[in-house]
There are 2 protein chains.
Amino acid sequence: MNSSADRPSDGTQLPSRQVASELRSAIASGDLPPGAKLPSERALAAKYGVARNTAREAIRLLTDEGLVTAHHGKGVFVREKRRLLRFGSERYSHSLRNETGLSPYRAEVAKQGRTARVDCTSIERVQPPEDVAERLGAAPAEPSVVRRENWYYADDDPVQVGVTYIPWEIAEGSVLATSAKMGKGSLYARFEELGHPITRIREEVSARMPTHEEATGLSIPDGVPVLDVLHTGIDHLGRPFEVTRFVMRADLTGLDYTMPVED
Amino acid sequence: MNSSADRPSDGTQLPSRQVASELRSAIASGDLPPGAKLPSERALAAKYGVARNTAREAIRLLTDEGLVTAHHGKGVFVREKRRLLRFGSERYSHSLRNETGLSPYRAEVAKQGRTARVDCTSIERVQPPEDVAERLGAAPAEPSVVRRENWYYADDDPVQVGVTYIPWEIAEGSVLATSAKMGKGSLYARFEELGHPITRIREEVSARMPTHEEATGLSIPDGVPVLDVLHTGIDHLGRPFEVTRFVMRADLTGLDYTMPVED
DNA sequence: GCCAGCAACTGGCTCAAGCCACTTCACTGG
DNA sequence: CCAGTGAAGTGGCTTGAGCCAGTTGCTGGC
């Protein structure tokens, strides 16, 4: 994908790139608006005088750029630019928790006229992965944690997964360790009752291609990356009390943080 | 990439996925450690009794997952998991600006024993794109802005691009509008002198596959997404005074924010 | 009028073969 | 000793062929 790889040393583009370029500019110009169907692979091949495999390769390039998606048996379509669901620091806001009965996730999804669903698929007691243990703080005297796995849907499309790790000494005896239902005010209200009001958060954000498992689990189309957010909840005494790893489809979701510049 | 697409309806995996799986687990198990060279396409084809194209397709799957990278003429190698350069809110910290002479970017790169370089490639007066104008606030009486384009390198690898937009009324007459060199304390020190100390930031984060241009410009390997950060600087009076769009290679960089939960 | 089933379309995947371009290295001849 | 050349290996890309598997719509039988 270097410029040197685009051309076979004379000035001409490679056939597959050439076809891809044509389609790309047709999309950019609006000749192929979002939702439009591309010519079939066989039609493209005929039109540009290349093998079907070459037309196919051109489509693959566009797929990898996230411009189009293919549907087996139906055709290849220009991807709709859906507005992103944006999540940020207000996700944890105390007032927002009390005012609207809705969780921030539900609120954001509702804002786009879609219907939200959150499933807690498992609650177990486990040993935390290394990076999580690290962020939960030094003392691994009792290193076991409660692991809660949550799946988030919008209109039945899986949108993100969150895996929360809570030190056993905190979760022990509370609904955190046992129940999928969190009750009024949800997760962070429970932490507050247990003496851990969330006052600071740390969010380590990466982007990468999904693993095989994530791609199938979140039914992520080809050419769509994920946002990988390692979130740490910190209480009023500066103690980390919870770590969550979010894996989010990057074509449906984004982040929106606003914060003071501290000094 | 659905599970249904992995198998041709009897239980057997497709050949390409099969080969990919074998390689994937060899990588996971450490048989193929980071930096190791995979067998050549022709060797894989022979070993698994498939066509070279099929072996090639298997490697493509791994490339798309970001597990391996190919080097023309040399071979295919397991990608090194390089520690990410992490950027966060302290990027704008006043004290950090004064204590170390280094810019936050240089500091983070130096921390990994690499050498940083920042090039300001262009300074122009332009009309801002719509999303930028929106974030710079309502009054588009004098809608023109100074556009500064900065390229960031680590050991001569291009790592990210930042395009900063500054309202003309702010930049006018200052080095912001004219000079690539920012002087002591760099960009945000100049804003402070002009009556706009940076006190809040907003960061809208997305991830996506790079465009064709970005892929070539940042020499991004196949299968690596970018982080797209739309950053807004806000002064003590709540006025946005600068918007920067960062496009960052996601295999080399990440974000690390820590912020209070506000109420 | 309905619906089962077929035909014709779509993309998904594989094959076998060939040529090109980059890399490495050993072997030349100066 | 060195520079130059060329062979052998690598991935990059294309061809043209074939079969499979979803999708759609028509058509003929009931």
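Order of the sequence lines fixes the chain letters, A, B, ..., with proteins taken first and strands second; residue numbering starts at 1 for each chain.
Axis orientation changes by 10° from one end of the helix from C:dG1-D:dC30 to C:dG30-D:dC1 to the other, with each end axis drawn from 5 pairs and the value rounded to 10°.
Distance CD1 (B:Ile59) to C1' (D:dC13): 15 Å, rounded to an integer number of Å. Regarding A:His71, its NE2 atom lies at a distance of 11 Å from the P atom of D:dT24, rounded to whole Å. Look at NZ on A:Lys74: it is 13 Å from P on C:dG12, rounded to the nearest Å. For the pair A:Asn53 CG and D:dC13 P, the interatomic distance rounds to 14 Å; values are reported in whole Å. The CZ atom of B:Arg56 sits 6 Å away from the P atom of D:dC13 (whole-angstrom rounding). Atom CD of B:Glu41 and atom P of D:dT10 are 10 Å apart (whole Å). When the C1' atom of D:dG12 is taken as reference, atom CD of A:Gln18 falls 18 Å away, rounded to whole Å. Distance B:Asp222 CG to D:dG11 C1': 13 Å, rounded to the nearest Å.
Phosphate contact (OP1/OP2 of C:dT14, side-chain N/O of B:Ser16, threshold under 4.0 Å): present. For D:dG9, neither phosphate oxygen OP1 nor OP2 lies less than 4.0 angstrom from any side-chain nitrogen or oxygen of B:Ser40.
At least one side-chain heavy atom of A:Glu41 sits less than 4.5 Å from a side-chain heavy atom of A:Ile59. Using a 4.5 Å cut-off on side-chain heavy atoms (C-beta onward), A:Arg245 and A:Val247 make contact.
Looking at B:Arg86, its side chain does come within 3.5 Å of a backbone N or O of B:Leu255 through a donor-acceptor pair. Looking only at distances, no side-chain donor or acceptor of B:Ser219 sits under 3.5 Å from a matching main-chain atom of B:Thr216.
Annotation: the span from B:Asp228 atom CG to B:Gln160 atom CD amounts to 12.0 Å, rounded to 0.5 Å.
Side-chain N/O atoms of A:Arg52 and base N/O atoms of C:dG12 include a donor-acceptor pair closer than 3.5 Å. Residue A:Arg42 places a side-chain atom within donor-acceptor reach of the base of C:dG11, judged by atom type and a 3.5 Å distance cut-off alone. The base of D:dG11 is paired with the side chain of B:His72 by a donor and an acceptor separated by under 3.5 Å.
Distance from the side chain of A:Arg17 is smallest for D:dG12 among the nucleotides C:dT10, C:dA16, D:dG12. Nearest nucleotide to the B:Thr54 side chain, out of D:dT14, C:dT24, C:dC15: C:dC15. Comparing C:dG11, D:dG11, D:dT24 by their closest approach to the side chain of A:Val76 singles out C:dG11.
In terms of position along DNA chain D, the nucleotide closest to B:Ala70 lies nearer the 5' end than the nucleotide closest to the other residue of the pair B:Ala70 and A:Gly73.
Proximity of residues 43-51 of chain B to DNA chain C (heavy atom under 4.0 angstrom from any strand atom) is restricted to B:Val50, B:Ala51.
For B:Ala36, the side-chain contact (heavy atoms from CB on, under 4.5 Å) partners at least two apart in sequence or on another chain are B:Leu32, B:Pro33, B:Val78.
There is no side-chain donor-acceptor pair under 3.5 Å between B:Arg60 and B:Ser16.
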Checklist entry - Should B:Asp155 and B:Arg117 be marked as a salt bridge (Lys or Arg N to Asp or Glu O under 4.0 Å) after you check the CA-CA gap, both sets of side-chain angles, and the distance that decides it? => result CA-CA 8 Å; B:Asp155 288 343; B:Arg117 199 177 89 235; over 6 Å; no
Checklist entry - Can you list the steps and then say if A:Tyr48 with A:Gln18 is a side-chain hydrogen bond (donor to acceptor under 3.5 Å, both in side chains)? => result CA-CA 9 Å; A:Tyr48 292 99; A:Gln18 178 63 37; over 6 Å; no
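In this pair, A:Phe246 and A:His231 present their aromatic rings perpendicular. The plane angle is above 60°, beyond the 30 to 60° band.
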